[in-house]
2 protein chains.
Amino acid sequence: MKTMHKEHTLTKNQQIIFDLIDKSPEPMKAYSILFNVQKKGIKAPLQVYRALDKLVEIGKIHKIESRNAFIACHNSSCQVANATAFSICEVCEKVTEISSVGLSKYLANFKDKDGMKYSKYNLEFFGLCKKCR
Amino acid sequence: MKTMHKEHTLTKNQQIIFDLIDKSPEPMKAYSILFNVQKKGIKAPLQVYRALDKLVEIGKIHKIESRNAFIACHNSSCQVANATAFSICEVCEKVTEISSVGLSKYLANFKDKDGMKYSKYNLEFFGLCKKCR
DNA sequence: TACATGGTGTTATATTATAACAATTTAAAT
DNA sequence: ATTTAAATTGTTATAATATAACACCATGTA
Ligand SMILES: [Zn+2]
Ligand SMILES: [Zn+2]
Ligand SMILES: [Zn+2]
Ligand SMILES: [Zn+2]
């Protein structure tokens, strides 16, 4: 049985950059990514940003907007929805993707005062992680 | 009777920049703000960013993270909580601050899988506004 | 007074991101 | 197989966003 969402074969640059982000325990910034992939032949910011744009578009990674950093997705449903939620520790900067059915249902069904619904959203929670309390 | 939250008397630069943002029908970017206040003697990016930082801190304005832009707050509760929600039109870029008691209660009470609660958050919904549909 | 705190003005610089253009690769469509 | 369109790449240059460092000033207060 086939999966519901389209499969994307990553190109060489996309794969290199995805692998790096996926292995990283913390969100990575674009120029840190650039520095780390220069030995693999990716030399210019644009090469990084183009791969990042595509990876975000297909849901393999997410951008943490408040940090200008990128994290790999491990939640298959994001790859369709572009509906994301994270918790961010304000002390150690640890970022965790939240995958809560309750939360995503609540947000997907939320109506603003014009009765408008939104299938796409980004939520960032801030606080202290377990370790930092 | 006094208000619950601390009153902040804005300094000259803060007031100039707040007034500009407050009058703007759309979120303003830092360098657009700079351009617009140069006639009032604010000449350097840092003067703008310092005022913006303070205004964000005291909740008079909010940063729309996905747009690197700033919008005035008209919701008094944000000034205490730094818990914000916006809807953003992906066509015309109209941004509206959402003030829904239900939503803010839900988010303030949300517990992640470690049982952790977060009083501070930023939520950005994306879609099409009324006019753009 | 002396001290602390926060704001200001200034120059320089760091960080994040895109424009523009030519060449190449890939995957259909004929 | 050949043509075509779409996507990706490589490259140089530049735009847009944000902070570092330092000297100075204003205000409150011990
Ligand atoms: Zn995800
Ligand atoms: Zn932490
Ligand atoms: Zn607000
Ligand atoms: Zn619109």
Side-chain angles (χ1 to χ4, degrees), chain A residues 5-21 24 26-71 88 90 93 95 122 124, chain B residues 5-21 24 26-71 88 90 93 95 122 124:
Chain A
H5 57 273
K6 189 177 175 191
E7 293 296 338
H8 290 271
T9 312
L10 300 185
T11 65
K12 183 168 138 288
N13 287 2
Q14 288 162 12
Q15 190 69 58
I16 290 169
I17 287 170
F18 175 71
D19 287 345
L20 178 67
I21 296 172
S24 171
E26 63 211 20
M28 293 194 75
K29 305 198 137 213
Y31 277 73
S32 158
I33 293 168
L34 175 58
F35 178 81
N36 278 277
V37 296
Q38 276 178 333
K39 61 191 71 114
K40 305 216 168 176
I42 296 175
K43 290 175 195 159
L46 244 197
Q47 295 175 287
V48 172
Y49 279 105
R50 286 197 282 226
L52 289 174
D53 285 350
K54 191 68 185 180
L55 290 167
V56 166
E57 184 192 326
I58 65 182
K60 299 280 288 179
I61 65 173
H62 303 303
K63 182 172 185 182
I64 309 300
E65 293 287 357
S66 66
R67 300 299 187 259
N68 298 316
F70 300 85
I71 191 176
I88 302 173
E90 289 183 298
E93 292 293 323
V95 173
N122 181 57
E124 298 179 5
Chain B
H5 56 276
K6 189 179 177 191
E7 294 295 337
H8 290 273
T9 311
L10 301 185
T11 65
K12 184 168 139 285
N13 288 1
Q14 288 163 10
Q15 189 69 57
I16 289 169
I17 287 171
F18 174 72
D19 287 344
L20 179 67
I21 297 171
S24 172
E26 63 212 18
M28 294 195 74
K29 305 197 136 214
Y31 277 73
S32 159
I33 292 167
L34 175 58
F35 178 81
N36 278 277
V37 297
Q38 276 178 334
K39 63 191 70 115
K40 303 215 170 178
I42 295 175
K43 290 176 194 158
L46 205 45
Q47 295 174 286
V48 173
Y49 281 104
R50 285 197 282 225
L52 289 174
D53 285 350
K54 191 66 186 183
L55 291 167
V56 166
E57 185 193 326
I58 65 181
K60 298 282 288 181
I61 65 173
H62 303 303
K63 183 173 187 182
I64 310 300
E65 293 286 357
S66 65
R67 299 300 187 260
N68 296 317
F70 300 85
I71 191 176
I88 302 172
E90 289 183 300
E93 293 291 324
V95 173
N122 180 247
E124 297 181 5

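Atom set for the values below is all heavy atoms of this structure, side chains included, hydrogens, waters and symmetry mates excluded. Protein chains get the first letters and strands the later ones, always in sequence-line order, with residue 1 at the start of each.
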Any idea which heavy atoms bring Q14(B) and L55(B) closest together, and the distance?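 Heavy atoms of Q14(B) and L55(B) come nearest at O-CD1, 3.8 Å.
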Closest heavy-atom pair and its distance - E65(A), S66(B):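 That would be OE1-CA, 3.6 Å.
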Steps toward side-chain contact (heavy atoms from CB on, under 4.5 Å) verdict (Q38(A), L34(A)): CA-CA 6 Å; Q38(A) 276 178 333; L34(A) 175 58; 4.0 Å; yes
Just the rounded figure in Å: distance from [atom2] of [N] to [atom1] of [X].
| X | N | atom1 | atom2 | answer |
| --- | --- | --- | --- | --- |
| K43(B) | dT8(C) | NZ | C1' | 12 Å |
| K29(A) | dT17(D) | NZ | P | 16 Å |
| M28(A) | dT15(C) | CE | C1' | 15 Å |
| L10(A) | dA7(D) | CG | P | 16 Å |
| I64(A) | dT16(C) | CD1 | C1' | 16 Å |
| L55(B) | dG7(C) | CG | C1' | 13 Å |
| Q38(A) | dT11(D) | CD | P | 12 Å |
| E57(A) | dA7(D) | CD | C1' | 11 Å |

Applying side-chain contact (heavy atoms from CB on, under 4.5 Å), run through K54(A) and T11(A) and close with a yes or a no. CA-CA 10 Å; K54(A) 191 68 185 180; T11(A) 65; over 6 Å; no
Quick one: is [N] close enough that its OP1 or OP2 comes under 4.0 Å of any side-chain N or O from [X]?
| X | N | result |
| --- | --- | --- |
| K63(A) | dA17(C) | yes |
| Y49(B) | dT19(D) | no |
| T11(A) | dT9(D) | yes |
| K54(B) | dT5(C) | no |
| Q47(A) | dT11(D) | no |
| N13(B) | dG9(C) | yes |

Tell me if the side-chain of R50(B) makes a donor-acceptor pair with the base of dG6(C), cut-off 3.5 Å, by modelled atom types.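 No.
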Side-chain donor/acceptor contact of Y31(A) with base of dA14(C) under 3.5 Å: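 Counting by modelled atom types and ignoring angles, no donor-acceptor contact under 3.5 Å is found here.
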What's the separation between atom CG in N36(A) and atom CD1 in I33(A), rounded to the nearest 0.5 Å?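 It is 8.5 Å, given to the nearest 0.5 Å.
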Side chain of [X]: nearest nucleotide among [options]?
| X | options | value |
| --- | --- | --- |
| N68(A) | dA17(C), dT8(D), dA18(D) | dA17(C) |
| K12(A) | dG10(D), dT8(D), dA17(C) | dG10(D) |
| L46(B) | dA18(D), dA21(D), dT11(D) | dA21(D) |

Start at the 5' end of DNA chain C and walk down; is the nucleotide closest to F70(A) or to Q14(B) reached first?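 Its nucleotide being nearer the 5' end, the pick is Q14(B).
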